[in-house]
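Shown next, in C-alpha cells, is the structure this report addresses.
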There are 2 protein chains.
Amino acid sequence: MTILEVLHTAPSCGTCPIRHRAVCARCETDELAALDAIKFYRSFEAGQTLIWAGDRMDFVASVVSGVATLTQVMEDGRTQTVGLLFPSDFVGRPGRERAPYNVIATTDLLMCCFRKKPFEELMGRTPHIGQRLLEMTLDELDAAREWMLLLGRKTAREKIASLLAIVGRRDAALHLRKPQGQMVFDLPLTREAMADYLGLTLETVSRQISALKRDGVIELEGKRHVTVPDYNRLLEEAGDDADGGFFG
Amino acid sequence: MTILEVLHTAPSCGTCPIRHRAVCARCETDELAALDAIKFYRSFEAGQTLIWAGDRMDFVASVVSGVATLTQVMEDGRTQTVGLLFPSDFVGRPGRERAPYNVIATTDLLMCCFRKKPFEELMGRTPHIGQRLLEMTLDELDAAREWMLLLGRKTAREKIASLLAIVGRRDAALHLRKPQGQMVFDLPLTREAMADYLGLTLETVSRQISALKRDGVIELEGKRHVTVPDYNRLLEEAGDDADGGFFG
DNA sequence: GGGAATCCTTGACGTAGATCAAATCCACGC
DNA sequence: GCGTGGATTTGATCTACGTCAAGGATTCCC
C-alpha cells in the first residue's frame, strides 16, 4: 500500500497535511503548523526491531502505514506480544523515559515521529491533545482487557478466529467494503508472530489455520492472503458474544 | 481494616479531606470543595456485584477500602477477571455510558463515588484532573500488558507466585514494613476468584498454593492469611526479570 | 537452474493443567 | 454442641496443546 492510499482512506481532520487521527483530529491550523515543525518520518523493513525494551525514547510516533507489534520477552526467551499497531495507532508515553517493550515492524513500516520534548510542550498548551490521548489510551486498555479474556479463557481455535476477525476489521477499514459480509485481507504477521500474540506455539497456529480452512471458515491463497466468506461465521468461531456489527 | 487506617496510610494530598490520590493529588482548596459537593459514599458486602456489564453508569468512583474485581463473562460462562481494584484505584470512564465489565466486591468494600456529569464538568475546568487520569490509565495499561504476559506465557506456579507478589505489594503498602524482606497479608480473593484472574481452574490454584507452601516459599495460616518469608524468592518463582525493588 | 534461507505444514508423542469426584475444613446459626 | 453449606484440598483420569522431528513451499541470490 502506498502512503497516498493511507492519506486517502485514514480518518482525517480536513486541514491537517499529515492527517494523524492520533493527535490532530481537532487541531487548529496554527497547532498543525506546530506539529509539522517537530515531526519527522522514519521507515523500517519487515522484521526490523525499531525500539528495544529499555531504550531511551526521545520521540513519540504514530503509524502511517504498515503494522508493528509491542512485545515482551522473559529472561528465558518466552515471548508475549501485548499490542498490535496499525496505521493511525500511537506509540510512546509522554513523561516516560524508556521504552517498556520491544517494538517490531512485522511489515514494511512508515512512522511519523514527533520529538518528545516539544510534543509535551505542545500538549501543555493544547488541552485537546491530552484529551485525545486519554481517549486513545482508554481504547487501548479496553483492547488489552479483551485480549486478557482471549489469553486466559479461549481455545486455540477461538484465538485464531479472534485474531483474524481483528486483523480483518482493522485492515478492511482501509479498503472498500466487499459484498455481503465477505472480507479479504493479507495477514501482516508470520505464524510465529501470531503465536506470540495468542500465547500459542507456531505449530498450533498452523494447525488451527488449516482446520479453519478445512471447515470453510476461511480460504487461503498462499500463506498470507485470506478470504473470509462469512464474517459473522468467523465471529461465532471467535466465541465473541459481541455485536458482529462490522458489516451491519 | 477501618476507614481511618486508609486515610492514615493512603498516599494523600495534604489538604484533601477525602484524600483520593485518584483525583485530587494536585487539587486547590476550591476544587476540593467542588469535588466534595458531588461525592457520596457507597458500601458493599463481600461477594456483591456492584455493577453489571451493560448497566448504565452515572458515576465514577474510587476505592476507599476493600478490594474489587473487573470481570468479563462469555456466553457459556467462562469467566476472566481483567482488573483488580485496591484502595485509591479508580473505576469508570468519563464519556462512557455503560459499564463494560462486572464489578464485584471480593471483600467488604467502601467506594467514594462522584456523579458523572458534574465530574466531567469539573474535569473540563481543571486540566490536571484529566492529566492525572491519563497517568492512571497509562499505569493500568501497563499492568494489563504485564498480565497478558502472565496469561499467555507463565506456568501455573509462576502465575500464583505473581499474584501473591502483587497482592502482597499492594496490601503491604497499607501496612508497616516487616523486617528483612518478610511480608504478611490476607488474600482478598477466594480460590475461584484467583483462578478467574489467572486463567486457571480453582483446583489448579489450590494445588499450586499447596506446592508453594510445601516448598517453603509461603506459609499459610487458615486459607487466607499468608506469610512470605523471602519476597525475592517469591519474585524468582514468579519468573519476573523485574527489579524486585520493593524491599530495597 | 541450484542451493540455501525462511517460513510453513504435518505427524508422533508427551505433559501441564482441566475435569470429575470425593473427602475435609470451617464459619455460622440454632 | 451440632448440623448445614460454602470453600478448599486432594486424588484419578483425560485432553488440548506443547515438543520434537521431518518434510514442503517460496523466495532470493549466485
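Only a predicted model underlies this, so the values are computations on that prediction, with no experimental measurement involved.
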Whole-Å gap separating [atom2] ([N]) and [atom1] ([X]):
| X | N | atom1 | atom2 | result |
| --- | --- | --- | --- | --- |
| Glu158(A) | dA16(D) | CD | P | 12 Å |
| Met194(A) | dG18(D) | CE | P | 13 Å |
| Ile209(A) | dA25(D) | CD1 | C1' | 15 Å |
| Arg224(A) | dT27(D) | CZ | P | 11 Å |
| Leu187(A) | dC8(C) | CG | C1' | 13 Å |
| Arg191(A) | dT6(C) | CZ | C1' | 13 Å |
| Leu202(B) | dA22(C) | CG | P | 17 Å |
| Glu221(B) | dC26(C) | CD | C1' | 15 Å |

Report yes if the side chains of Arg153(A) and Asp196(B) come closer than 4.5 Å at any heavy-atom pair, otherwise no.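 Yes - at least one pair of side-chain heavy atoms lies under 4.5 Å apart.
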
Trp147(A) side chain reached by Leu163(A) side chain, heavy atoms, under 4.5 Å: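 Leu163(A) vs Trp147(A): side chains touch.
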
Kindly calculate the angle separating the two end axes of the helix from dG1(C)-dC30(D) to dC30(C)-dG1(D), each obtained from five base pairs, and round it to 10 degrees.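 Rounded to the nearest 10 degrees, the bend comes out at 40°.
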
Is there a side-chain contact (heavy atoms from CB on, under 4.5 Å) between Phe44(B) and Ile104(B)? Walk through the geometry before answering. CA-CA 9 Å; Phe44(B) 303 90; Ile104(B) 305 171; over 6 Å; no

Sidechain N-carboxylate O distance under 4.0 Å for [X], [Y]:
| X | Y | value |
| --- | --- | --- |
| Arg233(B) | Glu237(B) | yes |
| Asp240(A) | Lys154(A) | yes |
| Arg145(A) | Glu140(B) | yes |
| Asp186(B) | Lys223(B) | no |

Hey, does Ser206(B) reach any base, or is it just sugar-phosphate, or nothing, if we go heavy atoms under 4.0 Å?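 Base: the residue Ser206(B), judged by heavy atoms under 4.0 Å, touches a nucleobase.
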
Grab the N/O contacts between the protein and nucleotides 14-20 of chain C below 3.5 Å, and write none if there aren't any.
from	atom 1	to	atom 2	distance (Å)
dG17(C)	OP1	Ala156(B)	N	2.8
dA18(C)	OP2	Thr201(B)	N	3.4
dA18(C)	OP2	Thr201(B)	OG1	3.1
dA18(C)	OP2	Thr204(B)	OG1	2.4
dT19(C)	O4	Arg207(B)	NH2	2.8
dC20(C)	N4	Glu203(B)	OE2	3.3

Short question: side chain of Lys213(A), backbone of Glu219(A) - any donor-acceptor pair under 3.5 Å?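 No, the answer is negative, given that no donor and acceptor are paired below the 3.5 Å cut-off.
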
Would you find a donor on one side and an acceptor on the other, under 3.5 Å apart, between the side chain of Asp76(B) and the backbone of Arg78(B)?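 Flag set: sc Asp76(B) to bb Arg78(B) pair under 3.5 Å.
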
